[in-house]
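What you see is a predicted model, and the numbers here were worked out from it, not measured in a lab. Numbers here are sequence positions counted from 1.
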Amino acid sequence: MQSNRAVVSAVVGLLSAAHAAGQVGRVSLFTLPDDVPGISGPYTFSLAQEFVTVNNNGRVAFWSGLIHPAGGATQYGLFVMGGGIPLTNVVDTNADVVTTEFGVDDVLTLVPSAELRDDNSLRFRANLDTPYPAADGNDSKHVELEWDGSGIPAVTLRRVQDIYAPGTPVAAWHETSLGPDGAPVWVYDRDSHTVLPTTNDGRVGEVFATHDSPAITNGQTLPGVSNPRIRFPGRPIAGDSGSVAFTADLDLGSGPDPEVVIFGRPGEGYGPLFDPREPATAFPGAPSGVRVANTWVLGIAANDSVRVRAAFVDEVTGEYVGSGIWSFRSDGSPVVPILVEGEAAPGLAPGNIVFDAYRATPRKMINSSHWRVTVFVQDVSSGDQRRVIYDIGPDDSVIPFFDTADAIQTPGVPGGPYTIFFTDNNMFDKVVWMPDGRFVARSDIRSAQTPLGKSAVSYVDESGTARTLAVQNELFDFEPTSVGGEREISWAKLHDVSSEGKAVFEVLAVGDERTTIVVVDLNAPLCPADANNDGVLTPADFNAWILAFNTNAPECDQNNDDACTPADFNAWIANFNAGC
């Protein structure tokens with residue numbers, strides 16, 4: 001048998017010195033076909049899907065419009081693919097798909113959302129149009145359905161999602177707050193502006209707050225305000241202990257309706273976090289001579305402190321003055337300012353101030369202990385503005401996590417280093433977070449050589465380092481090569497990221513008329529040829545690949561076919577030549 005040393009020498013002779021861009025993660029793909037399975041007629045998929053969601057097995061589900069060449073009304077369908085099954089039609093919205101307690105011949109109109117779980121089952125919501133109106137005269141019912149995840153469509157009605165206050169239907173899934181056991185503890189109906197506590201069977205309890213009704217039904221009153229009435233209560237947010245907070249307009253009977261944040265725990269009662277008649281006094285560091293124009297509950301931390309965003313207007317002119325984020329401590333200790341407009345941006349060089357906290361985007365992190373918010377920051381001397389994502393700890397400490405001014409890793413993309421820039425004051429068109437704080441975003445990137453910029457899908461890891469998954473006008477490796485090979489990207493659209501790092505987005509190659517759905521495993525090696533994972537490519541990686549081949553280790557699979565075969569030998573050579 002030839003020694004490994006001799007094999008390495010022979011292989012090294014096949015390796016070129018050029019190291020271009022390497023793969024970023026392991027990529028699977030599905031190019032949408034012209035024919036639509038399970039639906040009669042010559043339909044084709046519309047170009048951009050309404051949504052695509054992915055689970056940790058790499059299976060995707062998407063809700064898509066279907067186009068008939070003869071024109072007419074657009075049809076819709078819900079489809080799944082990957083994870084061991086071909087493209088499968090789950091629901092044909094033009095078919096009679098379900099019989100319910102309301103009658104037969106019911107037809108679904110899909111709502112573009114779904115939960116694709118790791119057991120590959122699919123739960124989704126829909127409007128059910130029935131020819132048998134209910135007693136209240138409503139012939140459109142909200143339902144929740146289940147698909148068992150097998151290759152054979154078998155959709156069953158899970159339960160009717162209408163829940164009732166006395167005589168009032170409520171579309172529960174519009175806004176739902178889940179408790180620590182995952183059960184809905186509060187629901188908010190955006191149509192009737194009603195906040196309702198629920199029981200485990202999905203039925204509601206006593207109305208807590210609703211438009212033009214008493215705000216608190218357990219006898220509590222707001223300080224100094226008789227018969228308080230709430231207008232348009234916002235979506236309630238539940239803490240891990242079952243505590244709840246939400247924002248609402250308070251009708252005092254005259255003058256502007258101030259906004260108040262109501263907080264409480266089950267069995268302990270509910271009340272306001274600050275006096276709505278003098279709201280600015282509750283926010284240390286807020287400008288003087290202002291009133292609160294807008295508040296929003298960002299979330300409830302593990303210690304039940306409530307993080308609130310507030311914006312202020314001049315109490316005389318009504319003009320916008322500033323904004324910020326504060327932490328209201330549940331133990332009664334003083335309110336803590338976290339990020340206040342006009343003050344120094346924590347952790348950044350002198351001269352950087354918080355420019356705008358009003359458009360803060362919150363995310364709850366691991367065990368409710370850490371939160372991430374994004375704010376605008378401005379360099380006073382240059383006037384440049386950018387977004388900074390801050391990590392807020394359980395003690396209200398504030399540490400920069402990601403700064404859009406930092407360089408983004410774009411290996412193989414000429415013209416760098418790149419940074420993210422703004423389009424219409426947006427850092428990202430879409431940001432999808434994972435539970436551990438990593439996120440993927442559709443972004444715009446530019447450099448001194450490319451002032452007009454390029455669109456990209458970017459990934460920020462747990463250390464706050466950003467790299468790109470797909471960049472406009474650059475080559476993208478459409479795996480397997482039999483489907484597309486390397487093609488130039490026209491645009492990419494981000495959809496979803498699973499909890500363990502499967503990202504799904506659409507890519508349109510230049511010259512194509514239909515998109516490709518791409519799944520990227522963010523946990524896969526950035527450089528597949530680096531078989532010994534030492535961060536560099538050397539002939540030692542071939543020895544490591546041989547060992548992986550002999551032991552069927554993950555590093556063996558170089559062509560992303562989920563198998564360890566002799567074909568991976570040529571793939572390893574190609575990956576080595578591609579570089580990292």
Side-chain angles (χ1 to χ4, degrees), residues 222-225 230-235 245-263 272-299 305-329 334-362 371 373-390 392 396 398 400 404 422 424-427:
L222 300 179
V225 180
I230 280 181
R231 296 182 184 273
F232 309 111
R235 178 175 65 91
F246 66 88
T247 303
D249 291 342
L250 188 65
D251 181 8
L252 300 180
S254 62
D257 297 336
E259 287 201 341
V260 61
V261 175
I262 295 176
F263 170 78
L273 288 178
F274 52 86
D275 187 338
R277 297 166 302 174
E278 301 179 76
T281 61
F283 298 91
S288 59
V290 301
R291 61 178 173 86
V292 173
N294 177 278
T295 59
W296 195 259
V297 178
L298 297 182
S305 62
V306 183
R307 274 51 183 283
V308 176
R309 181 199 70 190
F312 307 101
V313 295
D314 187 284
E315 58 185 358
V316 177
T317 65
E319 295 181 354
Y320 173 82
V321 175
S323 62
I325 300 171
W326 283 263
S327 176
F328 286 78
R329 303 291 187 89
V335 177
V336 177
I338 294 178
L339 293 162
V340 180
E341 187 169 326
E343 295 189 358
L348 302 183
N352 285 285
I353 63 171
V354 177
F355 177 73
D356 184 2
Y358 179 75
R359 288 182 287 245
T361 303
W371 290 74
V373 297
T374 67
V375 298
F376 272 107
V377 167
Q378 184 178 45
D379 186 313
V380 175
S381 60
S382 67
D384 291 341
Q385 298 174 19
R386 65 187 190 274
R387 283 278 199 179
V388 175
I389 298 178
Y390 280 98
I392 303 175
D396 296 322
V398 185
T404 60
F422 308 126
D424 297 329
N425 285 333
N426 289 317
M427 178 178 70

Hey, is Arg291 close enough to Asp314 for a salt bridge, meaning N to O under 4.0 Å?
no

Separation of Thr247 OG1 from Asn294 CG (nearest 0.5 Å)
8.0 Å

Nearest 0.5 Å please: distance from the CZ atom of Phe263 over to the CG atom of Leu273.
7.0 Å

Applying side chain to side chain donor-acceptor pair (under 3.5 Å), name anything that partners Ser288, two or more places apart in sequence or on another chain.
none

To the nearest 0.5 Å, what is the distance between CZ on Phe376 and CD on Gln385?
6.5 Å

Specify the closest pair of heavy atoms between Ala311 and Tyr320, including all atoms of both residues, with the distance to one decimal.
CB-CE1, 4.1 Å

Worked verdict on Ile389 versus Val373 for side-chain contact (heavy atoms from CB on, under 4.5 Å):
CA-CA 5 Å; Ile389 298 178; Val373 297; over 6 Å; no

Which heavy atom of Ser323 sits nearest to which heavy atom of Ala357, and what is that distance?
OG-N, 3.2 Å

Evaluate the side-chain contact (heavy atoms from CB on, under 4.5 Å) criterion for residues Val290 and Glu315: first the C-alpha distance (whole Å), next the side-chain angles of each, then the deciding distance (0.1 Å), finally the verdict.
CA-CA 5 Å; Val290 301; Glu315 58 185 358; 5.9 Å; no

Rounded distance (nearest 0.5 Å) linking atom CG of Leu339 with atom CD1 of Ile325:
5.0 Å

For side-chain contact (heavy atoms from CB on, under 4.5 Å), just list the numbers for Arg329 and Val336, CA-CA rounded to whole Å, side-chain angles, deciding distance to a tenth of an Å, and then say yes or no.
CA-CA 8 Å; Arg329 303 291 187 89; Val336 177; 3.5 Å; yes

On a heavy-atom basis, which atom in Asp396 and which in Ile392 lie closest, and how many Å separate them?
CA-CG2, 4.1 Å

Could you go through Val261 and Phe246, starting from their C-alpha distance and side-chain angles, then the distance that decides it, and tell me whether this counts as side-chain contact (heavy atoms from CB on, under 4.5 Å)?
CA-CA 6 Å; Val261 175; Phe246 66 88; over 6 Å; no

Using the test side-chain contact (heavy atoms from CB on, under 4.5 Å), find all partners of Ala293 that sit at least two apart in sequence or belong to another chain.
Val313

Do the side chain of Ser305 and the main chain of Phe328 share a donor and acceptor less than 3.5 angstrom apart?
no

Ser327 side chain to Arg307 main-chain N or O, any donor-acceptor pair under 3.5 Å?
no

Shortest non-hydrogen pair, Arg387 vs Thr374, comes out as NH1-O, 3.3 Å

Non-neighbouring partners of Ser381 that pass side-chain contact (heavy atoms from CB on, under 4.5 Å), sequence neighbours left out:
Asp379

For Leu348, give me all partners under side-chain contact (heavy atoms from CB on, under 4.5 Å), at least two apart in sequence or on another chain.
Ala345, Asn352, Val377, Arg386, Val388, Tyr390, Pro400, Asp403

Applying salt bridge (charged side-chain N to carboxylate O under 4.0 Å, His left out), which residue pairs with at least one partner in residues 340-357 are found, sequence neighbours left out?
Asp356-Arg359

Could you work out, with side-chain contact (heavy atoms from CB on, under 4.5 Å) as the rule, every residue matching Ala310, not counting sequence neighbours?
Phe283, Thr295, Phe312, Trp326

